[in-house]
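Report on the structure given below.
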Protein chains: 2
Amino acid sequence: MGDLPAVGEGKRGEDGHLGYLLRQAAHAHRQRVEQRLGDLGLTLPQFSVLTMLAAYPGHSSADLARLALVTPQTMSVIVANLLKAGLIVRTPHRVHGRIQSIALTDAGEATLGDAKQRVYALEAEMLRDLAPEAQAAIRQWLTRITQPEAA
Amino acid sequence: MGDLPAVGEGKRGEDGHLGYLLRQAAHAHRQRVEQRLGDLGLTLPQFSVLTMLAAYPGHSSADLARLALVTPQTMSVIVANLLKAGLIVRTPHRVHGRIQSIALTDAGEATLGDAKQRVYALEAEMLRDLAPEAQAAIRQWLTRITQPEAA
DNA sequence: TGCCGTTTATCAGAGCTCTGATATGTTATT
DNA sequence: AATAACATATCAGAGCTCTGATAAACGGCA
């Protein structure tokens, strides 16, 4: 029944299917991030949401969902867990009675500051020894296939 | 409180963080695949497992977990759902009393054949109009950051 | 032979993600 | 003013993914 190939060999390497490579790369990165964020009790999606809130404060869960390209239900779960951890607070919107504006707490700011250093160091590692043209090609491609029209 | 950027603009585009771009690209691809596989009732992880079993038949759930870079528990869930759908079967290993060898059923083969055409067409779309050097750079990078040493 | 470490499989609990459905509040149309 | 359309939030159910713990079967070594 044949032996199994090692990571990076044959179909598990550069000859593999792009979807497979893409999934594994994203997965490996997430694992590395959450390993380094373990003692902060922060997941990668949670880190993303905190980062978004720091850049665009006062927005709603629905806004964040659009920003992260996830459904409102998904964002609702992440927001609930951040609330439970005391890293964000929700206040009723002044004008719109249904909207809940979200902002970072002091604890949220502090945790985000800690986490950013670690995550950004990891990102620099990913690009180490990469030619500028290669970096540009990768960024362009990732951006392109994220667009709905790339279908 | 400022407006939100559109997909592909500012931090949501080529200037964004790599981890963010990587996550969104993998996510967008998965969504597109599962949309096209919807009538087969197949998810992307399930498709991956069927493909692996076609290439390396007779292996165990633990083998598949190593192949897909996921934990045995995760693979156990996927295998259970494929069993429930009748796309795979498990038989006790001849020599080793604990191992369960897994193989595709006829239904599994047929479903995989259907799915492959759609998924591969999607992959070709992702690479359309891409220079060979850019393709190579992307494949190399994805392979590299999947390796544990890329940390 | 008997114990120890490894491998396989599985149970429990948690977070992220989806689709589908429902309730409520806002805005536009008639 | 009443209705329709839209946005926000939430509940329910499902699949994927993890960590941690447990049990069973195999292999090697004292």
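The model shown is predicted, which means the values in this text are computed figures rather than measured ones. Convention: sequence-line order gives letters A, B, ...; per-chain numbering from 1.
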Problem - From A:E123 atom CD to B:I145 atom CD1, the distance as rounded to the nearest 0.5 Å - result: 10.0 Å
Handout entry: Sequence neighbours excluded - ring-ring contact (aromatic ring centres under 6.0 Å, His included) pairs with any residue from residues 101-129 of chain A
Key = A:Y120-B:H17
Practice task
If a protein heavy atom is under 4.0 Å from the base, mark B; if only from the sugar-phosphate, S; if neither, -; do that for nucleotides 17-24 of chain C going 5' to 3'.
Solution key: BBBBB-BB
Practice task
Quickly work out the B:L64 CG to C:dT8 C1' distance and round it to whole Å.
Solution key: 13 Å
Handout entry: Integer-rounded Å distance: D:dC6 P and A:I99 CD1
Key = 17 Å
Practice task
Starting from C1' on C:dC16, measure out to CG on A:L44 and report it in whole angstrom.
Solution key: 11 Å
Handout entry: Set of residues satisfying side chain to side chain contact (heavy atoms under 4.5 Å, CB included) with respect to A:P45, sequence neighbours excluded
Key = A:R30, A:E34, A:T43, A:I78
Problem - Common cluster, B:V79/B:I99, ILVMFWY with side-chain heavy-atom separation under 4.5 Å - result: no
Problem - B:Q100 CD - D:dA24 P separation (whole Å) - result: 15 Å
Problem - Atom pair distance, as rounded to whole Å: CG in B:L37 and P in D:dG15 - result: 16 Å
Exercise for the section: Output every pair passing ring-ring contact (aromatic ring centres under 6.0 Å, His included) with a member in residues 61-81 of chain A, not counting sequence neighbours, ordered by first then second residue. Expected result: none
Practice task
With sequence neighbours left out, write down each residue that passes side chain to side chain contact (heavy atoms under 4.5 Å, CB included) with B:A54, or none if nothing qualifies.
Solution key: B:L104, B:L112
Handout entry: Of residues 109-121 of chain B, the positions that come close to DNA chain D - non-hydrogen atoms, cut-off under 4.0 Å
Key = none
Fill in the blank from the handout: note: B:Q46, atom CD; D:dG15, atom C1'; distance rounded to Å ~ 8 Å
Problem - Any A:T43 side-chain nitrogen or oxygen under 4.0 Å from OP1 or OP2 of C:dC16 - result: yes
Exercise for the section: Check salt bridge (Lys or Arg N to Asp or Glu O under 4.0 Å) between B:D106 and all other residues, then give those that pass, not counting sequence neighbours. Expected result: none
Problem - B:R118: side chain to side chain contact (heavy atoms under 4.5 Å, CB included) partners, not counting sequence neighbours - result: B:L37, B:D39, B:L40, B:D114
Exercise for the section: Return no unless some side-chain N or O of A:N81 is found under 4.0 Å from OP1 or OP2 of C:dC16. Expected result: yes
I'd like a table of donor-acceptor pairs (distance under 3.5 Å, sequence neighbours excluded) in which one partner is a side-chain atom from residues 84-91 of chain B, with atom names and distances.
from: B:K84; atom 1: NZ; to: B:N81; atom 2: OD1; distance (Å): 3.3

Completion exercise
A:E34 atom CD is separated from C:dG15 atom C1', nearest whole Å, by 9 Å
Practice task
Using a cut-off of strictly less than 4.0 Å, decide whether A:R66 has a side-chain nitrogen or oxygen near OP1 or OP2 of D:dT8.
Solution key: yes
